[in-house]
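Okay, so here's the structure we're looking at.
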Amino acid sequence: MTIAVVSGGIDSVTMAYHLRAEGHRLHVVSVDYGQRHRRELACARLAAERLGAPYEEVDLSAARGVLRGSSLTDTSVDVPVPGAAERGDADRRANIVPNRNALILSVAYALAVVERADAVAFGVMAEDVGPSDTSPAFLRAFRDMERIATRGDAKPGLDLLAPLIGLPKREVIALGARLGVPFEDTWTCFRGQELHCGNCAACTERRDAFVDAGVPDPTRYAHTAELDGTR
């Protein structure tokens, strides 16, 4: 069994479809950490249902209080639009949730111990990788730490998988298209309104990646703009 961490976004949902195609028996987990864009959780649940996998949603929404200062968890902080990063470090970091992935992976590993799982899978892709909690160094260190933390309780050899870590967003979308991922039922927008806003950093990355992949984008955006290939 593989514990698949699925947020409801394109990357994690595509990862889950890929793992199922590779023969993994999945148990899907998502985490409510007080994010503004909770709409993604419904997409995670729907993906699990379509894959015939058990689904658990863990409520850590009270953590919002200590995750203040991020536009994703703190409603007093505006969600920046592309280009805001150029105005200073505070704006550049506004979309960062401190230590989020360590928090989420800790929950996933706890579930992996309970379920005697073989692995935890995390949907990091190439463009996420940097000097942070998405880097290969972090993932290796976290796996090694958990092998100590869960020794004697977890299934021997419990591993941490990141099957998309070598793929840029456009290739994730191309893979998802081949696997039949229903992209219209994934959520990316940081604002979490009725429709994808179309102008936050996450929406911009999503739209550009569909164009680069040559895959039709089924997403309904509140604010649309022509993409002319020059960007």
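What you see below is based on every heavy atom in this structure, not just the backbone, and it leaves out hydrogens, waters and symmetry mates.
Residue Phe138 is grouped with residue Val5 when hydrophobic side chains (ILVMFWY) are merged at heavy-atom distances under 4.5 angstrom, including chains of intermediate members. Both Leu51 and Val172 are assigned to one and the same hydrophobic cluster, defined by single-linkage of ILVMFWY side chains at heavy-atom distances under 4.5 Å. Tracing side-chain contacts under 4.5 Å through hydrophobic residues (I, L, V, M, F, W, Y), one never reaches Leu161 starting from Ile165; they form parts of separate clusters.
Tyr33 and Arg100 share a donor-acceptor pair across their side chains, judged by distance under 3.5 Å alone.
Looking at every heavy atom in both residues, Val6 comes nearest to Ala16 through CG2-CB, 4.1 Å. Scanning all heavy atoms of the two residues, the minimum distance from Arg116 to Pro156 falls at NH2-CD, 4.1 Å. Taking every heavy atom of both residues into account, Met125 and Leu167 meet most closely at CB-O, 3.3 Å. The heavy-atom pair separating Pro163 from Met15 by the smallest distance is CG-CG, 3.6 Å.
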Please list every donor-acceptor pair under 3.5 Å in which a side-chain atom of residues 102-112 meets a protein atom from a residue at least two apart or in another chain.
from, atom 1, to, atom 2, distance (Å)
Ser106, OG, Ala102, O, 2.8

Would you mind writing out the side-chain donor-acceptor pairs for residues 147-155 within the sub-3.5 Å range, not counting sequence neighbours?
from, atom 1, to, atom 2, distance (Å)
Arg147, NE, Leu158, O, 3.4
Thr150, OG1, Glu146, O, 2.6
Lys155, NZ, Asp118, OD1, 2.7

All N/O donor-acceptor pairs, side-chain side in residues 193-202, below 3.5 Å, sequence neighbours left out:
from, atom 1, to, atom 2, distance (Å)
His196, NE2, Thr188, N, 3.0
Asn199, OD1, Arg191, NH1, 2.9

For this session: Show your reasoning for whether side chain to side chain donor-acceptor pair (under 3.5 Å) applies to Arg206 and Thr186.
Result: CA-CA 11 Å; Arg206 180 183 178 112; Thr186 62; 3.1 Å; yes
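Looking at Ser70, its side chain does come within 3.5 Å of a backbone N or O of Leu72 through a donor-acceptor pair. Judged by distance alone, with hydrogens and angles left aside, the side-chain atoms of Asp74 form no donor-acceptor pair with the main-chain N or O of Arg68 at under 3.5 Å.
Using a 4.5 Å cut-off on side-chain heavy atoms (C-beta onward), His27 and Ile3 make contact. Within the 4.5 Å cutoff, the side chain of Asn95 has heavy atoms near those of the Ser71 side chain.
In this structure, Asn99 has no side-chain hydrogen bond (donor to acceptor under 3.5 Å, both in side chains) partners at least two apart in sequence or on a different chain. The salt bridge (Lys or Arg N to Asp or Glu O under 4.0 Å) check on Arg50 picks up Asp185, with sequence neighbours excluded.
Note on residues 163-174: pairs passing salt bridge (charged side-chain N to carboxylate O under 4.0 Å, His left out), not counting sequence neighbours, are Asp11-Lys169, Lys169-Glu205.
Shown here is Arg25, whose CZ atom has no more than 12 heavy atoms of other residues, nucleotides or ligands within 6.0 Å.
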